[in-house]
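First comes the structure, then the notes that go with it.
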Amino acid sequence: MIKVSVMYPYKADARFDHAYYRDKHMPLLKARMGDACLYYTVDKGLAGGAPGDPPTYIGMCHIFSESVESFQAGFGPHAKEILGDIPNYTDLSPIMQISEVVVEK
C-alpha cells in the first residue's frame, strides 16, 4: 500500500479554507478517483514542536492506494480538474510525497 501526502506549508498571511478542503475538495478527489483511493485522511495544523510555534503545515491530506500505478491511474485522468480546484480553498502551493506504508495498525 502507498500513501500520497499533500501538505500545505504554514504561512502567516496564507488563505486556507479548511471547511471547503474537508467538505468539497477531498470528496471531489475521492469521487473522481473511485476505488483507486481506498480512503483518505485530512489534517488541520494546530501548532509546531515548541510552545507558541505555528504549525509546520496549515493543512494536509493523505490518500491511500494499493500502488503508485493505481494512484496514477485514478488521479491522472482527473488531475486538471482536481488541481484546478486548489484556488477555491488556498493560495498556497502544496508539497507532495509518495510513501510506502510499512506498518498500519
Side-chain angles (χ1 to χ4, degrees):
M1 180 183 305
I2 60 117
K3 174 177 75 171
V4 178
S5 299
V6 183
M7 303 162 287
Y8 295 86
Y10 175 84
K11 189 174 163 188
D13 59 347
R15 177 182 61 82
F16 197 95
D17 184 339
H18 288 279
Y20 185 96
Y21 189 58
R22 178 191 66 230
D23 299 335
K24 302 220 187 266
H25 182 74
M26 292 307 297
L28 167 71
L29 177 135
K30 174 63 175 154
R32 296 303 181 265
M33 288 189 65
D35 292 339
C37 172
L38 301 173
Y39 65 96
Y40 65 85
T41 62
V42 174
D43 299 352
K44 180 178 181 179
L46 299 178
D53 280 355
T56 303
Y57 300 102
I58 194 166
M60 64 179 82
C61 74
H62 306 284
I63 304 157
F64 294 82
S65 292
E66 287 295 332
S67 65
V68 172
E69 295 78 18
S70 175
F71 172 80
Q72 290 172 337
F75 185 83
H78 310 287
K80 186 174 181 179
E81 179 185 12
I82 295 166
L83 298 175
D85 191 48
I86 292 173
N88 290 324
Y89 60 88
T90 191
D91 53 7
L92 295 167
S93 295
I95 296 170
M96 277 185 69
Q97 177 171 306
I98 299 176
S99 305
E100 178 183 5
V101 177
V102 295
V103 175
E104 182 180 33
K105 292 187 177 190

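If you take NZ on K3 and CD on E100, they are separated by 12.0 Å, rounding to the nearest 0.5 Å. Once rounded to the nearest 0.5 Å, the distance linking NE2 of H62 with OG1 of T41 reads 4.5 Å. Between atom CD of residue Q72 and atom CD1 of residue I98 there is a gap of 6.0 Å, rounded to the nearest 0.5 Å. Interatomic distance, L46 CG to I58 CD1, rounded to the nearest 0.5 Å: 10.5 Å. One finds the NE2 atom of H25 at 7.5 Å from the CG atom of L83 (value rounded to the nearest 0.5 Å). Interatomic distance, S70 OG to M33 CE, rounded to the nearest 0.5 Å: 6.5 Å.
Looking at S65, its side chain never comes within 3.5 Å of a backbone N or O of I2 through a donor-acceptor pair. Although no hydrogens or angles enter the test, the distance criterion places a donor-acceptor pair under 3.5 Å between the side chain of K30 and the main chain of C37. When atom types are taken as modelled, the side chain of S5 and the backbone of M96 share no donor-acceptor pair closer than 3.5 angstrom.
One hydrophobic cluster, built from ILVMFWY side chains closer than 4.5 Å, cannot hold both M60 and F75; they sit in different ones. Taking hydrophobic clusters as Ile, Leu, Val, Met, Phe, Trp and Tyr residues chained together by side-chain heavy-atom distances below 4.5 Å, I86 shares a cluster with L29. Cluster annotation: L38 and V42 are assigned to distinct hydrophobic clusters (Ile/Leu/Val/Met/Phe/Trp/Tyr, side-chain heavy-atom contacts under 4.5 Å, transitive). Put simply, I82 and Y40 are part of the same group of oily side chains (I, L, V, M, F, W, Y) that touch within less than 4.5 Å, one to the next.
Aromatic ring orientation, H18 versus F16: tilted (interplanar angle from 30° to 60°). Ring planes of Y20 and Y89: parallel class, angle under 30° (limits at 30 and 60°).
Grouping Ile, Leu, Val, Met, Phe, Trp and Tyr residues whose side-chain heavy atoms lie under 4.5 Å apart, directly or via other members, places V102 in a hydrophobic cluster with V103.
Sorted by first and then second residue, the salt bridge (charged side-chain N to carboxylate O under 4.0 Å, His left out) pairs with a member in residues 68-91 read R32-E81; sequence neighbours excluded.
Contact of the M26 side chain with the I63 side chain is registered, since non-hydrogen atoms from C-beta on lie closer than 4.5 Å. Between V6 and Y57 there is no side-chain heavy-atom pair separated by less than 4.5 Å. The shortest side-chain heavy-atom distance between Y8 and C61 does not fall under the 4.5 Å cut-off. K11 has its side chain within reach of L92: a pair of non-hydrogen atoms, C-beta onward, lies under 4.5 Å apart.
Atom CG of D35 has 12 or fewer neighbouring heavy atoms from other residues, nucleotides or ligands inside a 6.0 Å radius.
Taking each heavy atom of S93 and P9 in turn, the nearest pair found is O-CD, 3.7 Å.
By the side-chain contact (heavy atoms from CB on, under 4.5 Å) test, T56 pairs with no residue at all, sequence neighbours left out.
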